[in-house]
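Residue indices begin at 1 and follow the sequence shown.
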Amino acid sequence: MFRFLVVGVPLLLIYGWMVLFRAGAPAVITITPELPAIGRATKVEIVVQQTSRGFGDVNIELVQGGVSTMLASLESTPRPPHRLWGKVNGLAEWTLNVGRDEIKTLKEGEATIRVTVETAAGLLRRPGPAEEGVTLPVYLVPPPLGRTSSRTYVNQGGCEVVVYTVGERSVKDGVQAGEYFFPGYPLPGGGERDRFALFAVPYDMDDATGVRLFAEDLVGNRSETRIIDQFTRKPPKTDTIRISDGFMEKVVPAILANTPEMEDQGDLLKNYLAINGDLRAKNTATLNRLVAASKPEFLWNQRFLSLPNAAARSAFADRRTYTYEGQAVDHQDHLGYDLASVRNAPIPAANHGVVLMAHYLGIYGNVVVIDHGYGLMSLYGHLASIAVTEGQEVGRGDTIGTTGETGLAGGDHLHFTMMLQGLPVDPKEWWDAHWIQDRLASKLGPALNFSN
Ligand SMILES: [Zn+2]
């Protein structure tokens with residue numbers, strides 16, 4: 001009896017004290033918005049956690065200018081104070097779409113996502129609720145966008161420029177033409193909101209009505225405007241190339257030897273088709289990766305040079321059908337000019353720029369790629385020798401190598417391509433001082449500082 005009093009009474013007293021006064025710790029609330037602003041539908045993740053005694057009712061609301069809108073709520077009961085163990089509901093999670101789509105009264109300005117969680121109480125002790133809030137700007141109006149240049153006359157496979165102003169909230173702006181995005185850049189010498197975008201209509205796009213200048217803020221509010229005043233279709237020409245065993249015997253072993261990642265399939269035609277198809281696509285991807293290294297400045301201010309005294313063996317963007325023993329075995333687009341002069345003719349850099357590539361690359365053989373800034377590059381393929389190194393700055397007309405027949409070439413010639421943001425475009429325009437003056441320089445003015 002005495003032993004019971006000594007041990008039992010204090011235990012009873014402790015238990016009684018706990019039931020009356022033991023409150024739970026406040027819940028831990030985390031609010032994680034997907035973006036640093038609220039737009040039409042911004043995803044917000046909310047986690048409420050308290051694993052020792054659980055938590056009471058949860059309210060999630062959006063508060064703007066003293067008006068509160070309930071986003072979600074949960075009725076929850078923590079473990080009562082007289083129970084010392086047992087299961088608790090310690091975790092709740094929500095993914096909510098917060099924005100104008102759900103809350104029609106939402107306005108531009110600021111709004112607070114507020115989460116309130118009741119705390120587990122003792123019989124005589126009721127702690128306040130846990131509370132957490134995140135205040136974010138509300139963006140509902142797309143960034144203002146205005147074209148300031150006029151007379152946008154563009155050819156299929158050709159380039160143009162648009163000069164425009166954009167609101168400060170824009171995080172992405174430029175021209176979208178099908179799958180190609182041509183980013184806008186600050187206009188050199190212009191005001192804070194003055195921008196320009198060099199763009200092209202892809203060689204295989206015969207309807208340019210969908211080409212748009214656009215600006216987007218960080219929650220996806222988007223302004224769009226049409227920019228093309230006149231579009232000239234230039235349907236690709238078709239061309240048939242007969243492949244002979246002699247040609248394949250000349251090019252296939254050399255390309256395989258220089259391309260260790262390619263597997264010899266033990267058959268000349270199979271190897272050739274893998275080179276003309278798969279390897280061509282891989283080489284295109286490699287060239288596209290150079291775009292990121294392009295300098296955001298005009299590295300040139302004169303027209304581009306072609307190979308002197310050269311005859312053009314192809315136009316830009318020929319649709320080629322390849323036949324072997326009378327059968328069509330392949331189709332590819334030839335996206336450059338084949339220029340033939342004398343054997344091993346010295347090749348001038350088309351314009352001032354920085355060498356981004358100077359090595360062997362599959363179908364192009366020995367190739368040089370020069371960056372001219374703002375995503376514009378020139379490519380020189382099938383070289384016999386390369387006279388420049390990667391990273392080297394070259395002047396307009398400097399010799400960068402000699403013509404040859406490395407890669408997929410039947411005879412000595414230069415394969416010349418101009419690329420804008422990785423998309424091959426018609427070099428003829430860039431060779432033409434009048435075109436540059438009328439289409440680009442007249443709109444860019446001192447930003448380009450073109451000299452004829
Ligand atoms: Zn070619």
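Remark: side-chain polar atoms of Asp333 are not paired, donor with acceptor, to backbone N or O of Leu335 under 3.5 angstrom. A donor-acceptor contact shorter than 3.5 Å is absent between the side chain of Glu216 and the backbone of Arg222. A distance-only check finds a donor-acceptor pair linking the side chain of Arg212 to the backbone of Thr209 [under 3.5 Å]. Without hydrogens or angle criteria, Thr152 side chain to Ile227 main chain gives a donor-acceptor distance under 3.5 Å. Thr406 places a side-chain N or O within donor-acceptor distance of the main-chain N or O of Asn366, the cut-off being under 3.5 Å. Under a 3.5 Å cut-off, the side chain of Glu390 and the backbone N or O of Ala358 do form a donor-acceptor pair. A side-chain donor-acceptor contact under 3.5 Å links Ser244 to the backbone of Phe247. In this structure, the side chain of Asn288 does not engage the main chain of Ala285 through any donor-acceptor pair within 3.5 Å. Using modelled atom types, one side-chain atom of Gln176 and one backbone atom of Gly178 make a donor-acceptor pair closer than 3.5 Å. Put simply, the side chain of Asn283 gets close to the backbone of Ile363: a donor and an acceptor are under 3.5 Å apart.
The nearest pair of heavy atoms linking Val219 to Gly39 is CG2-CA, 3.6 Å. Between Gly99 and Leu106 the shortest heavy-atom distance is C-CD2, 3.7 Å. In terms of heavy atoms, Ala349 sits closest to Leu305 at O-CD1, 3.9 Å. Minimum interatomic distance between Val141 and Arg169 (heavy atoms only, all atoms of both residues): O-NH1, 4.1 Å. Of all heavy-atom pairs spanning Ala200 and Leu423, the tightest one is CB-CD2, 3.9 Å. Counting all heavy atoms, side chain and backbone alike, Gln64 lies closest to Val138 at NE2-CG2, 4.0 Å.
To the nearest 0.5 Å, atom CG of residue Leu414 and atom CD1 of residue Ile347 are 4.5 Å apart. Atom CD1 in Ile255 sits 10.5 Å away from atom CG in Asn271 (nearest 0.5 Å). Residue Thr165 holds its OG1 atom at 12.5 Å from CD of Glu192, rounded to the nearest 0.5 Å. Between atom CG of residue Asn351 and atom OG of residue Ser378 there is a gap of 8.0 Å, rounded to the nearest 0.5 Å. Interatomic distance, CG of Asp173 versus CG of Asp217, reported as 11.5 Å (0.5 Å rounding). Note that the CZ atom of Phe316 and the CE atom of Met418 stand 11.0 Å from one another [nearest 0.5 Å].
Within the structure, salt bridge (Lys or Arg N to Asp or Glu O under 4.0 Å) pairs that include any residue of residues 141-162 comprise Arg147-Asp229, Glu160-Arg439, Glu160-Lys443 (at least two apart or interchain). Sorted by first and then second residue, the side-chain hydrogen bond (donor to acceptor under 3.5 Å, both in side chains) pairs involving residues 422-438 (not counting sequence neighbours) are Asn155-Glu429. The side-chain hydrogen bond (donor to acceptor under 3.5 Å, both in side chains) analysis of residues 40-49, with sequence neighbours excluded, yields the pairs Arg40-Asp101.
Side-chain contact check for Lys295 versus Glu297: some heavy-atom pair is nearer than 4.5 Å. Under the 4.5 Å side-chain criterion, counting only non-hydrogen atoms from C-beta, Glu405 is not in contact with Val251. At a threshold of 4.5 Å between non-hydrogen side-chain atoms, the residues Thr240 and Arg320 do not count as touching. With a 4.5 Å cut-off on side-chain heavy atoms, Met377 and Leu290 count as touching.
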- prompt: Between Leu376 and Gln421, does a side chain to side chain contact (heavy atoms under 4.5 Å, CB included) hold up when you go through it step by step?
  reply: CA-CA 6 Å; Leu376 183 69; Gln421 305 294 343; over 6 Å; no
- request: Go through the steps for Ser76 and Asn89 under the test side chain to side chain donor-acceptor pair (under 3.5 Å), then give the verdict.
  value: CA-CA 8 Å; Ser76 168; Asn89 242 354; 5.4 Å; no
task: Could you please spell out the steps behind the side chain to side chain contact (heavy atoms under 4.5 Å, CB included) verdict for Tyr180 and Val175?
output: CA-CA 8 Å; Tyr180 290 93; Val175 176; over 6 Å; no
- request: Run the numbers on Arg226 and Ile228 for side chain to side chain contact (heavy atoms under 4.5 Å, CB included), then give the verdict.
  value: CA-CA 6 Å; Arg226 289 174 81 139; Ile228 295 181; over 6 Å; no
- request: Could you walk me through whether Asp278 and Arg280 pass side chain to side chain contact (heavy atoms under 4.5 Å, CB included), step by step?
  value: CA-CA 5 Å; Asp278 301 347; Arg280 180 184 293 266; over 6 Å; no
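Side-chain contact check for Gln302 and His352: no donor-acceptor pair (N or O, by modelled atom type) lies under 3.5 Å. Inspection of the Ser341 and Asn309 side chains reveals no N or O donor paired with an N or O acceptor under 3.5 Å. A donor and an acceptor atom, one from each side chain of Thr135 and Glu110, are nowhere located under 3.5 Å apart. If you check the side chains of Asn449 and Asn301, you find no donor sitting under 3.5 Å from an acceptor. In the model, Ser170 has no side-chain atom that pairs as donor or acceptor with a side-chain atom of Glu168 under 3.5 Å. A donor-acceptor contact under 3.5 angstrom links the side chains of Asp412 and Thr403, judged on distance only. Under the 3.5 Å distance criterion, with hydrogens and angles disregarded, a donor-acceptor pair is assigned to the side chains of Thr402 and Ser385.
The aromatic ring centres of Phe416 and Tyr380 sit less than 6.0 Å apart. For Phe304 and His372, the ring centers are positioned less than 6.0 Å apart.
Partners of Thr389 according to the side-chain contact (heavy atoms from CB on, under 4.5 Å) rule, which considers only residues two or more places apart in sequence or in another chain, are Gln392. A search for salt bridge (Lys or Arg N to Asp or Glu O under 4.0 Å) contacts involving Asp204 returns nothing, not counting sequence neighbours. Among residues two or more places apart in sequence or in another chain, the side-chain contact (heavy atoms from CB on, under 4.5 Å) test is passed with Thr286 by Arg289, Met357, Leu361.
Within 6.0 Å of atom NZ in Lys250, more than 12 heavy atoms from other residues, nucleotides or ligands are found, so the atom counts as buried in its surroundings. The local environment of CD in Glu263 is sparse, with at most 12 non-hydrogen atoms from other residues, nucleotides or ligands closer than 6.0 Å.
Classified by interplanar angle (parallel below 30°, tilted 30° to 60°, perpendicular above 60°), the ring pair His382/His415 is perpendicular. A perpendicular orientation is assigned to the rings of Trp300 and Phe298, their planes being inclined by more than 60° (bins at 30° and 60°).
The side chain to side chain donor-acceptor pair (under 3.5 Å) with His331 is formed by just one residue from the set Asn276, Thr238, Thr321; it is Thr321. Looking at Tyr164, Phe182, Tyr374 one by one, the single match for ring-ring contact (aromatic ring centres under 6.0 Å, His included) with Phe196 turns out to be Tyr374.
Figure legend: cation-pi geometry between Lys172 and Phe181, with NZ or CZ positioned under 6.0 Å from the six-membered ring centre and within 45° of its axis.
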